[in-house]
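A short write-up of the structure that comes next.
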Amino acid sequence: MFRTLREDIRCVFARDPAARNAFEVLTAYPGLHALWFHRVAHWMWNHRLRWLGRILGNIARLLTGIEIHPGARIGRRFFIDHGMGVVIGETAQIGDDCTIYHQVTLGGTSWEGGKRHPTLGDEVVIGAGAKLLGPIHVGDRARIGSNAVVLKDVPADATAVGIPARVLGPRPEPDPRFQQAASRMGFDAYGVTRDMPDPVANALHRIVDRVHELDDRMEKACQALKRAGIDPGEALGEDTGHPLDPCDLEGLEPDTCEIPPRKQQGSS
């Protein structure tokens, strides 16, 4: 028992730089208190003292703002940082060395009996506000981004973000052509840190890369026509194309652009 308590206190020091001393951790960390209440309530639940386990769980919720069902199975060195608003359902299973932040929900999506809540592997980190719903499995060392809504399994060593959550692949290296186009449009997708890839930025990267590929092919086609004695400009008529102007991007235009007033609905 004392060994487990020492492990709990040490994991707080390992994962929270704000922790200053053991007395502060013992008296001022609600995540730790909620975990200790849960261990007693879980023992009661397993020994058919389920009403007492639920009452103790409610007392812990009132004192800490963290609701853990006594039936949930939690591994060693589990750390809840801040903790307010955390909800962990009855059939949830949490591995060793996991960390979750405030307003995280490990919830169910069915009123039927049986396994209804998520299962977390070892060393999983769940960001603030994330919702994991249903009997899904999150692999070892996975990362769940803040405010993500996870409805499907997440493989080991993966990162999931978004609503609904998507598993992110490795981030591509920055392409100088993409950066040049982004600077013209006033959009910097690589403002995101490299260790947290953005799926929208990756999609835009592929689109811009495809546009540059089509431009290159069009230029080569025009050169081939000229070598064959055909003037592409004459064949296509007057060239009405023009480079993309930042003021053309509605909603993303710089403040210096003059935007014509829009007609209100119902006006003639």
Side-chain angles (χ1 to χ4, degrees), residues 30-31 33-169 199:
H33 302 155
L35 179 60
W36 291 342
F37 271 113
H38 169 72
R39 286 185 180 146
V40 178
H42 185 65
W43 182 90
M44 293 178 177
W45 185 267
N46 290 336
H47 289 79
R48 299 189 178 277
L49 302 173
R50 298 194 169 181
W51 181 84
L52 287 176
R54 291 301 301 268
I55 292 298
L56 186 59
N58 286 339
I59 293 173
R61 181 181 63 178
L62 291 173
L63 296 176
T64 65
I66 299 169
E67 180 175 348
I68 307 177
H69 193 284
R73 295 167 54 187
I74 297 178
R76 298 167 61 182
R77 298 176 296 277
F78 177 53
F79 180 48
I80 305 175
D81 199 356
H82 298 291
M84 180 60 69
V86 166
V87 177
I88 300 176
E90 176 189 2
T91 61
Q93 299 178 33
I94 300 175
D96 297 335
D97 301 296
C98 292
T99 303
I100 67 176
Y101 291 83
H102 53 282
Q103 296 183 337
V104 166
T105 298
L106 304 183
T109 57
S110 171
W111 291 344
E112 309 235 345
K115 176 67 170 167
R116 312 185 303 281
H117 300 91
T119 297
L120 309 185
D122 298 335
E123 301 180 36
V124 173
V125 177
I126 305 178
K131 314 300 178 189
L132 285 71
L133 305 177
I136 60 176
H137 182 270
V138 180
D140 296 345
R141 299 171 300 281
R143 299 291 184 268
I144 309 299
S146 297
N147 295 318
V149 178
V150 185
L151 304 174
K152 298 180 180 179
D153 292 351
V154 178
D157 300 299
T159 299
V161 299
I163 303 175
R166 295 158 292 185
V167 176
L168 304 180

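- A side-chain donor-acceptor contact under 3.5 Å links Ser110 to the backbone of Glu112.
- When all heavy atoms of Ala148 and Ala160 are compared, the pair lying nearest together is CB-O, 4.2 Å.
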Donor-acceptor pairs under 3.5 angstrom involving side-chain atoms of residues 119-138: please list them, not counting sequence neighbours.
from: Thr119; atom 1: OG1; to: Lys115; atom 2: NZ; distance (Å): 2.9
from: Asp122; atom 1: OD1; to: Asp96; atom 2: N; distance (Å): 2.8
from: Lys131; atom 1: NZ; to: Gln103; atom 2: O; distance (Å): 2.7

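- In this view, Trp43 and His47 satisfy the ring pair (Phe, Tyr, Trp, His ring centres under 6.0 Å) rule, not counting sequence neighbours.
- Listed by chain and residue number, nothing satisfies the salt bridge (charged side-chain N to carboxylate O under 4.0 Å, His left out) test with Arg73 (two or more places apart in sequence, or in another chain).
- Nearest heavy-atom pair across Gly53 and Ala41 is O-CB, 3.6 Å.
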Enumerate donor-acceptor pairs with a distance under 3.5 Å from any side-chain N or O in residues 74-93 to protein atoms, sequence neighbours excluded.
from: Arg76; atom 1: NE; to: Glu7; atom 2: OE1; distance (Å): 3.1
from: Arg76; atom 1: NH2; to: Glu7; atom 2: OE1; distance (Å): 3.2
from: Arg76; atom 1: NH2; to: Glu7; atom 2: OE2; distance (Å): 2.3
from: Arg77; atom 1: NE; to: Asp97; atom 2: OD1; distance (Å): 2.5
from: Arg77; atom 1: NH1; to: Glu7; atom 2: OE2; distance (Å): 3.1
from: Arg77; atom 1: NH2; to: Asp97; atom 2: OD2; distance (Å): 3.1
from: Glu90; atom 1: OE1; to: Arg116; atom 2: NH2; distance (Å): 3.0
from: Thr91; atom 1: OG1; to: Arg116; atom 2: N; distance (Å): 3.0
from: Thr91; atom 1: OG1; to: His117; atom 2: N; distance (Å): 3.0
from: Thr91; atom 1: OG1; to: His117; atom 2: ND1; distance (Å): 2.6

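- With rounding to the nearest 0.5 Å, the separation of CG in Leu62 from CZ in Phe37 is 10.0 Å.
- Looking at residues two or more places apart in sequence or on another chain, you find a salt bridge (charged side-chain N to carboxylate O under 4.0 Å, His left out) between Asp157 and Arg141.
- The side-chain contact (heavy atoms from CB on, under 4.5 Å) test with Ile144 is passed by exactly one of Val149, Val150, Val104: Val150.
- The heavy-atom pair separating Thr64 from Pro30 by the smallest distance is CG2-O, 3.7 Å.
- Here Arg39 pairs with Asp8 under the salt bridge (charged side-chain N to carboxylate O under 4.0 Å, His left out) rule; sequence neighbours left out.
- Listed here is the closest heavy atom pair of Arg166 and Gly162: NH2-CA, 4.3 Å.
- Atom CD1 of Ile66 and atom NE2 of His33 lie 10.0 Å apart (nearest 0.5 Å).
- The side-chain heavy atoms of Leu106 and Ile94, taken from C-beta on, include a pair separated by under 4.5 Å.
- The distance from the CG atom of Asn46 to the NE2 atom of His42 is 4.0 Å, given to the nearest 0.5 Å.
- Nearest approach of Arg50 to Trp45, heavy atoms of both residues: NE-O, 3.4 Å.
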